[in-house]
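The block underneath contains the structure these notes are about, expressed in structure tokens.
The structure displayed is predicted, hence computed values, not measured ones.
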Amino acid sequence: MAEVKLNNVSKVFSGNVNVINELSIEVKDKEFFILVGPSGCGKSTLLRMIAGLERPTGGEVLIDGQVVNDIPSKDRDIAMVFQNYALYPHMTVYENLGFSLKRRKYPSSEIKQRIHEAAALLKIEHLLDRKPRLLSGGQQQRVAVGKAIVRKPKVFLLDEPLSNLDAKLRVHMRAELKILHSKLQATVIYVTHDQVEAMTMGDRVVVMKDGSIQQIGNPSEIYNKPNNIFVAGFVGAPSMNIMRCKIIAKNSDILFDFGEFELKVPPRFVNTLKTMIGKEVDFGIRSEDIYDRLYAEFSTTDNTVWATVEHVEPMGMYTFLYLTLWGHKIIIRVESYNRAQMHQDIQLVFDMDKIHLFDSSTGKVITP
């Protein structure tokens, strides 16, 4: 397989529309690498530049150490799986799988061998005589992946391949693709707008916004140590609770002042925030790090505040409570045995060891 490097790559479309901003990425050999971000952030354009379907305005694209800017797509030894699967409707599955090999004039015996190897790997041997219209969405997706596998490319590029599937099948196919990756030991670059896909599938994830990298890291790093308020809000289901507050000093304590209530600054942040008295920051905390005090495993009156339940959303093992907290809208995750009801007032406990702080003007994380 191969490494893929992007060195200061940019893309400007006609009309001076800047889509990619001098972006640099290094994808390791055999890595399952995810590009994630909202629609329009440039992730598919980036993938198309790697594939050779778009030419960079600036910078270099390297595959296995070779600059490929001027190399046609067909000669880059990559294979791409598109969102719409790109199957030929008049051909059987067998013919679809073998089409690219036939165009490259591979011997018929090798074409047959590769098709049957891919079909066995994807468990679609029984579908080889069918045409695409007779296949389910999941079966079409497997065939599209099979078209890439038979070529045995250096790099697999997947552009939102699961977005057309129903929710249950998407979950199943996420696992199937990860198993397939482990068997192929392939370099995979995978584009998605679904942060759940990114967090469950990627060895590493790059979060993009407006053509720029916001953060690169493994899923745990992205979730637990977001670089900025955009990553904190984009990654996670539900997203991180964010509330604007002011740093104040009262008696001998440093406090977060939310207007109607206050929370005590944890010791690890005290020295940093002493220099920010009177300034506003954005206070972030995950839904699982706020507790209903009635069901909490510890008893405390520190960092507690009352909130009103606006909506209850059972999710099986957990329940999400949508709350109003003195004008702030927040979501907390509680155990399924929690009996909170709509319009009920409950007392919350904040785990202050799990908070995240962001500069209110730049959005960047404030580190202790």
message: Do P161 and F82 make a side-chain contact, defined as non-hydrogen atoms from C-beta onward lying under 4.5 Å apart?
response: no

query: So V27 and I25, side-chain contact (heavy atoms from CB on, under 4.5 Å) or not? Walk me through it.
result: CA-CA 7 Å; V27 182; I25 291 174; 3.9 Å; yes

- prompt: Between K354 and E288, is the closest basic N to carboxylate O distance under 4.0 Å?
  reply: no

field: Over 12 non-hydrogen atoms of neighbours within 6.0 angstrom of CG in D129
entry: no

Student check: side-chain heavy atoms of L128 and T92 closer than 4.5 Å: no

- prompt: Is there side-chain contact between L127 and Y94, with heavy atoms separated by less than 4.5 Å?
  reply: no

- line: d(K112 NZ, L97 CG) to nearest 0.5 Å is 14.5 Å

query: Is Y88 close to P132 at the side-chain level, that is, under 4.5 Å between some pair of heavy atoms?
result: no

query: Can you say whether the rings of Y295 and Y337 are parallel (under 30°), tilted (30 to 60°) or perpendicular (over 60°)?
result: tilted

- prompt: Are E176 and R142 close enough for a salt bridge, meaning some N to O gap below 4.0 Å?
  reply: yes

query: According to a 4.5 Å side-chain heavy-atom criterion applied to Ile, Leu, Val, Met, Phe, Trp and Tyr, with indirect links allowed, do I355 and L255 form part of one hydrophobic cluster?
result: no

message: Taking side chain to side chain donor-acceptor pair (under 3.5 Å) as the definition, give me every residue that meets it alongside E160, ordered by chain and number, with sequence neighbours left out.
response: H193

- prompt: Going by distance alone, is a donor N or O of one side chain under 3.5 Å from an acceptor N or O of the other, for E280 and S360?
  reply: no

task: Measure across F320 and M315 and return the closest heavy-atom pair with its distance rounded to 0.1 Å.
output: CD1-CG, 3.5 Å

Residues in side chain to side chain contact (heavy atoms under 4.5 Å, CB included) contact with R103, at least two apart in sequence or another chain: F99

- request: Please step through salt bridge (charged side-chain N to carboxylate O under 4.0 Å, His left out) for the pair D70 and R55, ending with a clear verdict.
  value: CA-CA 8 Å; D70 297 321; R55 183 178 176 82; 2.7 Å; yes

query: If you measure from CD1 on I149 to CG on L121, what distance do you get to the nearest 0.5 Å?
result: 5.0 Å

- request: Verify, without hydrogens or angle tests, whether N69 (side chain) and G59 (backbone) share a donor-acceptor contact under 3.5 angstrom.
  value: yes

task: Answer with yes or no whether the side chains of S212 and D210 bring together a donor and an acceptor at under 3.5 Å.
output: no

task: With the side chain counted from C-beta on, respond yes when K274 and V270 share a heavy-atom pair under 4.5 Å apart, and no when they do not.
output: yes

task: Run the salt-bridge test on D282 and R244 with the 4.0 Å N-O cut-off and return the result as yes or no.
output: yes

task: Would you indicate whether the side-chain heavy atoms of L323 and I331 approach each other to under 4.5 Å?
output: no

message: Hydrophobic clustering (ILVMFWY, side-chain heavy atoms < 4.5 Å, transitive) - are V191 and F33 grouped together?
response: yes

statement: Nearest heavy-atom approach of A79 to A148 is CB-CB, 3.6 Å

- request: Would you sort out whether F283 and F258 count as a ring-ring contact (aromatic ring centres under 6.0 Å, His included), showing the intermediate values?
  value: CA-CA 10 Å; F283 175 102; F258 295 87; 5.3 Å; yes

- request: Applying side-chain contact (heavy atoms from CB on, under 4.5 Å), run through D351 and D353 and close with a yes or a no.
  value: CA-CA 5 Å; D351 186 344; D353 290 331; 3.5 Å; yes

message: Whether the T200 and R174 side chains hold a donor-acceptor pair (N or O, under 3.5 Å, no angle test) is what I'd like checked.
response: yes

message: For the CG atom of L321 and the CD atom of Q344, what is their distance to the nearest 0.5 Å?
response: 9.0 Å

query: Between atom CD1 of I242 and atom NE2 of H356, what is the distance when rounded to the nearest 0.5 Å?
result: 8.5 Å

- request: Step by step, work out the side-chain contact (heavy atoms from CB on, under 4.5 Å) result for I222 and V231.
  value: CA-CA 8 Å; I222 297 289; V231 176; 4.0 Å; yes

Side-chain ion pair, K28 and E3, N-O less than 4.0 Å: no

task: Using a strict cut-off of less than 4.0 Å between a Lys/Arg side-chain nitrogen and an Asp/Glu carboxylate oxygen, indicate whether K264 and D253 qualify as a salt bridge.
output: yes

query: What residues, two or more places apart in sequence or in another chain, satisfy side chain to side chain donor-acceptor pair (under 3.5 Å) together with E31?
result: R204

Side chain to side chain donor-acceptor pair (under 3.5 Å) assessment of D194 paired with T192: CA-CA 5 Å; D194 185 338; T192 181; 5.3 Å; no

Gap between atom CD1 of I229 and atom NZ of K364 - 0.5 Å precision: 14.0 Å

- prompt: What heavy-atom pair brings K154 and T187 nearest, and what distance separates the two atoms?
  reply: O-CB, 3.8 Å

field: Ring geometry between F261 and H328 (parallel below 30°, tilted from 30 to 60°, perpendicular above 60°)
entry: perpendicular

task: Examine V171 and V196 and state if one hydrophobic cluster contains both, with Ile, Leu, Val, Met, Phe, Trp and Tyr joined whenever side-chain heavy atoms are less than 4.5 Å apart.
output: no

- request: Answer whether the closest heavy-atom distance between the side chains of L263 and F350 falls below 4.5 Å.
  value: yes

message: Under a 4.0 Å threshold between the charged nitrogen and the carboxylate oxygen, would D203 count as salt-bridged to K178?
response: yes

task: Could you check whether the rings of F32 and H181 sit parallel, tilted or perpendicular, using 30° and 60° as the cut-offs?
output: perpendicular

- prompt: When clusters are formed by joining ILVMFWY residues with side-chain heavy atoms under 4.5 Å apart, either directly or through shared neighbours, do V67 and L157 land in the same one?
  reply: no

task: Please report the shortest heavy-atom distance between I34 and G202, naming the atom on each side.
output: CG1-CA, 3.4 Å

- prompt: Between V9 and M49, is a side-chain contact (heavy atoms from CB on, under 4.5 Å) present by the stated rule, with each step listed?
  reply: CA-CA 9 Å; V9 169; M49 286 194 289; 3.5 Å; yes

query: What's the shortest heavy-atom distance between R130 and L134, and which atoms?
result: NH1-O, 4.0 Å

message: Test side chain to side chain donor-acceptor pair (under 3.5 Å) on E335 and Y318; report intermediate values, then the result.
response: CA-CA 5 Å; E335 300 293 337; Y318 299 107; 5.2 Å; no

- request: Check whether any side-chain N or O of R76 sits under 3.5 Å from a backbone N or O of I50 as a donor-acceptor pair, and report yes or no.
  value: yes

message: Run K250 and E262 through salt bridge (charged side-chain N to carboxylate O under 4.0 Å, His left out) and show every step you take.
response: CA-CA 11 Å; K250 183 180 287 187; E262 298 167 349; 2.8 Å; yes

query: Are side-chain N/O atoms of S44 and D159 paired as donor and acceptor at under 3.5 Å?
result: yes

task: Using a 4.5 Å cut-off on heavy atoms from C-beta on, say whether the side chain of I124 contacts that of V143.
output: yes

- request: Determine the minimum heavy-atom distance between G98 and I111, stating which atoms define it.
  value: CA-CG2, 4.1 Å

- prompt: Can a donor-acceptor pair be found between the side chains of N227 and Q214 at a distance below 3.5 Å?
  reply: no

query: Do M240 and V235 share a hydrophobic cluster (ILVMFWY, side-chain heavy atoms under 4.5 Å, transitive)?
result: no

query: Do K329 and T324 get their side chains close enough for a donor-acceptor pair, meaning under 3.5 Å?
result: yes

message: If we ignore hydrogens and angles and just use 3.5 Å, is the side chain of D289 paired with the main-chain N or O of I285 as donor and acceptor?
response: no

- prompt: Is a side-chain donor-acceptor pair under 3.5 Å present for T319 with N338?
  reply: no

